[in-house]
Novice: 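Dumping the structure here so I can ask a few things about it.
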Amino acid sequence: MVNVQQRTDPQDEVGQVDIDELEHAASKRAHRRWERVLFYWLCAGFTAFHLVILTGPVILRTIDDAIGSGLYRFFPINIDQELFRAIHLAWGAVLGFGFFAIARGRGRDGVPWYDWLFIVGATACAVYMWRNLDDLQMNQGAIYEMPDLLYSLVGLAVVFEFTRRTAGNALTIIATVFMLYAVLGHWLPEPLHHDKSLKDLWFAFPYIYSNLGIFGPTLEVSSTFIIMFTAFAAFLTRSKAGDYFNDLAVALVGWARGGPAKVAVLSGVMFGSISGSSVANVVASGSVTIPMMRRVGYDRATAGAIEATSSTGGQITPPVLGAAAFLMAEATGIKYAEIAFAAIIPCFLFYVACYMHCDLHAAKRGLRGLPMAELPRLGPMMARFYMLAPIVVLVWAFTEGYSAFLAAGLGMLACIVVSWFNGIARDDDGRWRWRRSDAVMGWRAVIDALELGAKDSIQLVAVCAAAGIVVGVIALTGIGGRFAYIMQSIAGNSQLLAMFFTMIVVTILGMGMPTTAAYAIAAAVVAPGLVQIGVPKLTAHMFIFYYAVLSAITPPVAVASIAAAGMAKADAWKTSWIAVKLGLATFIVPFMFFYSPTLLGQGDWLEIAQPLLSATVGVCLLACATEGWLGGALALPLRVVLFVGALCLIAPEPISDGVGLAIGLGVWALQKFRPPVAPRKA
């Protein structure tokens, strides 16, 4: 058997991709030796600090309840929430200025003096809050003193530069525009005018740099849910669960028609569920799937597009959705477990569409799968099914009502436990023995996982802080209500027009910034207007979240497609448009659950079954129409008719479903009884 990681053709070698640059960030920095050691331990300490603060009290209370030890009384772990978020932001900014250079191509010589000044400034802000916490909390929103003003100005400067380096210019510009609006908006005409006078000009800065803005709900999510689940994903990666998911996908469908493309789809489901980044998913699974797709006959652009589309869906895959889902839980007041449950059917429809596109494309091009002899054996893979235990533990903890923090902590513990089973192997004499392997998590591997979790969360800390500026300005000026008024003026009473307008806004936002930032801004600005015109809160926020995710494959700035094109050594523009074609059915899915909220799990199973069945048939027919294949090549008129039939199945009405199903069956019958058309070779 050939190792699936091995590249069999030098021409198909996967290109190198810098994840950080592709996710709107500046260049990563090359550290001096002592700086590498310093920031390694700062990263590990960052994650460990959050683990102790968030899970320590629960663990100590549980021990107390079990054995009556009284440990919690002697070792209380209490910290003011605002101070905790300030430390979170300051520590994250220290890491950001340590790892990201001021501009691309400027990070070769270690951390320069001006970045040490930013590091000192970030640290000083946390120290100032610690020393003056009571006064700051008493005065915020009402009174300020000159030291408070200077403290807030330094803090805002740190946040803006931290965001620019790690999340790119687009989010920084948007946050700047909102900040300028806070201090200058009283000069603007209606409906943008607010009633702050010139004497309040300096009031905005301390207001925004408080728990009414930056340290508010968005940074709360970053300092709790996001850091815990990025750490969980890091532990899964270090325990080799990601490699196991890829190998299991190869063993399951690598042999099928167009098997490597289907491997990419399954890998997107399994690995994507533990990673909150489309680009990270592309890099992790694409190094395996893209060479395999090239080997069986996929052209470079199509191989990259399939990987980009399937990896993008990872952010809408339960149980661990993209980081924006945690912001959704905070913004809506809906429990994260309910949001993850609501995402199951949209995720299912997304990957049904992806799988159908891959199968139809393979049938149209006459592409085969990989030889069975070269695939991992399914038996040994099933024997390692214990590698799924961390995910099972996480889901169990959610269903049992444990807090998200404790659920993630238990998942990390499960990663350590299952990794030790990777050391069990059979000797030549047939005896089972345990040997230390690179997948076994000892103390050093645990520290490595802590370090990786911190590095993966740096950008998200900056994004949530900058989103806090937007949220704070909206609260200060009331601009959110004005945006809702503008939306109502444009869309009138048409919910469909409002949703279409939302799709455009969110997609444009997502092109220039990470998914989390695009969702946070759209949720603050657009979602209230949708709710006011009668769209259910969960539907509105899930709609925004879905398109924020899909923007990763939407030209012209399709970061997942660009990453996949770089790995496949394909043209980025061509890859992006093929990804849109492959994902066309998935672009319709949000409108499906808009028309039928039951697709978000809202209702009993009998109510859900009918729209789920019609939606599944609809995305399959849409894939057939897009690919131009249904048992044979489809003529253009039949493709148009089938496309209309697929759209009829979107609205969950009996008449429209009947029309769509009749059209689909009619086209299938025409294809069934016409002379066969040979598949086109790639």
Side-chain angles (χ1 to χ4, degrees), residues 170 174 278 308-309 312-313 315-316 321-322 324-325 327-328 331-332 342-343 345-347 349-350 353-354 480 483-484 486-561 576-577 579-597 599-600 615 618-619 622 626 643 646-647 649-652:
I174 289 176
S278 300
T309 305
T312 295
Q315 291 195 73
I316 59 169
L321 304 167
L327 289 178
M328 190 192 308
T332 60
I345 293 177
C347 172
L349 295 174
F350 182 100
C354 287
F483 272 117
I486 293 171
M487 174 176 286
Q488 287 180 300
S489 300
I490 295 174
N493 293 322
S494 172
Q495 291 184 349
L496 177 60
L497 185 58
M499 299 306 272
F500 183 78
F501 172 74
T502 301
M503 178 190 71
I504 299 298
V505 170
V506 177
T507 302
I508 292 173
L509 285 174
M511 290 178 186
M513 63 186 71
T515 299
T516 307
Y519 167 78
I521 292 174
V525 175
V526 181
L530 295 178
V531 173
Q532 282 191 17
I533 61 175
V535 179
K537 183 182 293 185
L538 178 61
T539 302
H541 282 264
M542 190 66 77
F543 189 94
I544 292 169
F545 174 55
Y546 206 103
Y547 278 111
V549 170
L550 289 178
S551 64
I553 57 171
T554 306
V557 188
V559 290
S561 297
S576 298
W577 283 111
V580 170
K581 186 193 81 168
L582 293 172
L584 182 61
T586 64
F587 280 86
I588 308 297
V589 170
F591 285 95
M592 290 182 171
F593 62 70
F594 160 65
Y595 277 114
S596 180
L599 293 178
L600 295 177
V619 296
L622 192 59
T626 306
F643 185 85
L647 294 181
L649 287 161
I650 291 177

Novice: Between Phe591 and Phe500, does the ring centre distance come in under 6.0 Å?
Specialist: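 When the ring centroids of Phe591 and Phe500 are compared, they turn out to be at least 6.0 Å apart.
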Novice: Should Phe593 and Ile345 be marked as a side-chain contact (heavy atoms from CB on, under 4.5 Å) after you check the CA-CA gap, both sets of side-chain angles, and the distance that decides it?
Specialist: CA-CA 9 Å; Phe593 62 70; Ile345 293 177; over 6 Å; no
Novice: Check step by step if side-chain contact (heavy atoms from CB on, under 4.5 Å) holds for Ile174 and Ile521.
Specialist: CA-CA 9 Å; Ile174 289 176; Ile521 292 174; 3.7 Å; yes
Novice: Identify the heavy atoms of Ala498 and Ile533 that sit nearest to each other, and give their distance.
Specialist: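 Closest approach of Ala498 to Ile533, heavy atoms only: CB-CD1, 3.4 Å.
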Novice: Grab the two heavy atoms, one from Pro590 and one from Tyr546, that are nearest each other, plus how far apart they are.
Specialist: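 Closest approach of Pro590 to Tyr546: CG-CD2, 3.2 Å.
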Novice: Side-chain contact test, heavy atoms from C-beta onward, threshold under 4.5 Å: evaluate it for Leu538 versus Pro597 and give yes or no.
Specialist: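 Of all side-chain heavy-atom pairs linking Pro597 with Leu538, none is under 4.5 Å.
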Novice: Donor-acceptor pair, Thr539 side chain versus Val535 backbone, under 3.5 Å?
Specialist: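 Checking the backbone N and O of Val535 against the side chain of Thr539, no donor-acceptor pair under 3.5 Å is found.
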Novice: Which pair of non-hydrogen atoms, one from Pro528 and one from Ala523, has the smallest distance, and what is that distance?
Specialist: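 Smallest interatomic distance, heavy atoms only, reads CD-O, 3.4 Å.
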Novice: So do Ile544 and Thr502 actually touch side chain to side chain, heavy atoms under 4.5 Å?
Specialist: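 Side-chain contact under 4.5 Å: yes.
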Novice: Assess the residue pair Lys537 and Leu530 against the criterion (side-chain contact (heavy atoms from CB on, under 4.5 Å)); give the C-alpha distance rounded to whole Å, side-chain angles, the decisive distance to 0.1 Å, and a yes or no.
Specialist: CA-CA 8 Å; Lys537 183 182 293 185; Leu530 295 178; over 6 Å; no
Novice: Hey, what do you get for CD1 (Ile588) to CG (Leu649), rounding to the nearest 0.5 Å?
Specialist: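 Taking CD1 in Ile588 and CG in Leu649, the distance rounds to 12.5 Å.
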Novice: Are the side chains of Val506 and Val526 in touch, meaning some heavy atoms are under 4.5 Å apart?
Specialist: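 In short, these two side chains do not touch, never coming nearer than 4.5 Å.
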Novice: Restricting to non-hydrogen atoms, name the atom on Gln495 and the atom on Gly534 that form the minimum distance, rounded to 0.1 Å.
Specialist: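 Closest approach of Gln495 to Gly534, heavy atoms only: NE2-C, 3.3 Å.
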Novice: Nearest 0.5 Å, please: how far is OG1 in Thr309 from NZ in Lys581?
Specialist: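 If we round to the nearest 0.5 Å, Lys581:NZ and Thr309:OG1 are 10.5 Å apart.
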Novice: Given 3.5 Å as the limit, does a donor-acceptor pair link the side chain of Ser551 with the main chain of Thr554, or not?
Specialist: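 Side chain of Ser551 to backbone of Thr554: no pair is present.
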Novice: How long is the gap from CG on Leu550 to CD on Gln315, to the nearest 0.5 Å?
Specialist: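 Going from the CG atom of Leu550 to the CD atom of Gln315 covers 10.0 Å.
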Novice: CG/Leu327 to OG1/Thr332 distance, rounded to the nearest 0.5 angstrom?
Specialist: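 So the gap between those two atoms works out to 10.5 Å.
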Novice: When you measure from the side chain of Thr626 to the backbone of Leu622, do you find a donor-acceptor pair of N or O atoms at a distance under 3.5 Å?
Specialist: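 Yes; judged by distance alone, with no hydrogens or angles, the pair exists.
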Novice: Which atom pair, heavy atoms only, marks the closest approach of Tyr519 to Ala331?
Specialist: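 The pair with the smallest heavy-atom distance is OH-CB, 4.3 Å.
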Novice: So, does Tyr547 use its side chain to make a donor-acceptor pair with the main chain of Phe587 at under 3.5 Å?
Specialist: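 Pair found, side chain donor or acceptor close to backbone of Phe587.
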Novice: Identify the heavy atoms of Ala308 and Ala560 that sit nearest to each other, and give their distance.
Specialist: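 Closest heavy-atom pair between Ala308 and Ala560: CB-O, 3.7 Å.
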Novice: In Å and rounded to the nearest 0.5 Å, what is the OH to CE distance from Tyr595 to Met499?
Specialist: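 It is 10.0 Å, given to the nearest 0.5 Å.
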